[in-house]
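Presented below is the structure to which this report refers.
Any value given below was found using the heavy atoms of this structure, including those in side chains, with hydrogens, waters and symmetry copies removed. By convention in this document, chain letters (A, B, ...) are assigned in the order of the sequence lines, proteins followed by strands, and residues within each chain are numbered from 1.
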Amino acid sequence: MSDNDPSSPLVELAGVGKNFGNIIALSDVSFAVRPAEVSCILGDNGAGKSTLIKIISGLHQHSTGSYRVDGEPVKFTSPRDALDRGIATVYQDLALVPLMPVWRNFFLGSELTSGVWPFRQIRAEEMRATADAELKAMGIEVPDINQPVNTLSGGQRQVLAIARAIHFGARVLILDEPTAALGVKQAGVVLKYISSAREAGLGVILISHNPHHAYLVGDHFTVLKQGTVDLSAPRSELALDELTHYMAGGAELETLQHELRRMDPPDVGAVHELSESR
Amino acid sequence: MGAVAVFVLFFVISDTFRSADAITTVLYASSTIGIMAVGVSLLMIGGEFDLSAGVGVITSALAAGMFAFQFSTNVWVGVVFALAVSLTIGYINGLLVIKTKLPSFLITLSMFMMLQGLNLAVTRAVTGSVSTQSISNMDGFSSAQSVFATSFTLGPISVRITVLWWIVFVALATWVLLRSRVGNWIYAAGGNADAARAVGVPVNYTKIGLFMTVGFMAWFVGMHQLFRFNTVQSGEGVGMELLYIAACVIGGCALMGGWGTAIGAAIGAFIFGMAKMGIVYAGWNADLFMFFIGATLLLATLLNLWVRLRTARR
């Protein structure tokens, strides 16, 4: 890790490990993200990416090592704790509720209310207007802010989830496979939005198994392999070819796998949600 | 829309259906199903089922009746005791569903059968028969009756107080769903529980609360039955739970959760009330009631599917 950067890390992990019983999911992982930086975590399925972001976002706790936010050691017990420190996660399944209106999704879990319990009620008009304005500011045209989220395209949903995180004061954005289920054009929209989040001074942690997408926006790359750090390098010291090579582990098989994955139907996410909601 | 069709159907074929008396009975029949349907619809929107709701009503009524009689207390003490019992049953249902992550169908089916058995066994053990003793001459009976089971006249028709309570509960549930943050949480818990959890919605508390709401409604309807008939048959209530669920589905609640309204459930209950009485007034075989319910449910489900496919294509 280079400490030449004058700004100190927002989130920093040093020698972090995680065991599930006898199974070692992560060991000795060090990682950091600074303001206005996109730090990518790459790796194949099962490399430990998910475990790592679950630790950062407060769903799991690390077993060894240290986790610091603004230089202060933390141990989160719930995603709420992480959110309170400005660490917001946009999950692969988007954390949106498909059948609920756009504006209700936007404010879900952080509803604006007024009045005294039990008469406390939500400020619906204000929430509609705010959500509409925020989305317009980000270039998403939603015909009707009352329409359910499942009428939006995959890219729009992704951006809605990101916009929501930023609106609620996120300083660090964790994006889990934001381009995995999207077509080329839709992925472009999301990547553009990631780079504008960086320009706004946010720290972005981008999880991906697509080195091409990651290299388009990334400033720093960490490749995980079987729970350990295989590579950690800033963009200046790394070419796309090298990154792809690391990802591939030198095997042609990986390239094939990558191509096969691209052939997944785009609605995989939706089916996934349905089966999980039961 | 369906409610209008059913109304027109019976209105046309039956003279008696048009009378003021008929309106009284139809509204009353609708209200007892409807009050339960309020709780059940909220729970369904939250993504869970409660099959123990039908016998839960009887459990509550039995608890109040027997407690008050055996300990010779004011009946209000029994009423409060029954509330505690009902809320506890709801809490246990909710807690088991949350902790085991098993489908609520299984958990509440078990609860349904256990309560059914307990209703009979405990009643027989305590009273020596299958029903509770009459509590009509005990302290507090008349005041309790005026809350749970009185009736008043409104113009030409006599209205049972359950109709009033039904409207109050539907209005309250609608307000909660649309205008409170808990409402947002209910839709989210049923629509995508993982997503809701990830943005900080207390999904577990919400679901336990919903099970307890069903418990509360069961208590209310149980108290109505107790104070209307003075005594409770311990074997009743079986099969009602499916009627509540059917009313909610006809009213547009999604089986999978995340979609529906309290008003829809009220309309579903109203259709049932009209069908139940309409069949009698029309001089048809009353056994056809269940057939009618089944056919309505099938139609409503197909209609929902059709609407959903159309919106999805858009």
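- Heavy atoms from other residues, nucleotides or ligands lying under 6.0 Å from CZ of A:Phe20 number more than 12.
- Residues B:Asn192 and A:Leu96 approach most closely at ND2-O, 3.0 Å, considering heavy atoms.
- Using a 4.5 Å cut-off between heavy atoms, A:Thr113 touches chain B through its side chain atoms alone.
- Within a 6.0 Å radius of OH in B:Tyr91, no more than 12 heavy atoms belonging to other residues, nucleotides or ligands are found.
- For the residue pair A:Arg104 and B:Leu177, the shortest heavy atom distance occurs at NH1-O, 3.9 Å.
- The nearest pair of heavy atoms linking B:Gly191 to A:Pro98 is O-CD, 4.1 Å.
- Here the closest non-hydrogen pair linking A:Arg120 and B:Trp175 is O-CH2, 3.3 Å.
- Remark: B:Leu96 CG is packed, more than 12 non-hydrogen atoms of other residues, nucleotides or ligands lying under 6.0 Å away.
- Residue B:Trp185 comes nearest to A:Glu111 through the heavy atom pair NE1-OE2, 3.2 Å, listed as atom of the first residue, atom of the second, then distance.
- Taking CD1 of A:Ile122 as the start and CZ of B:Arg179 as the end, the distance is 5.5 Å to the nearest 0.5 Å.
- For A:Phe168, no part lies near chain B; criterion is any non-hydrogen pair under 4.5 Å.
- We find the OG-CZ distance between A:Ser78 and B:Arg197 to be 12.0 Å, quoted to the nearest 0.5 Å.
- For the pair B:Asn184 and A:Met100, the minimum side-chain heavy-atom distance is below 4.5 Å.
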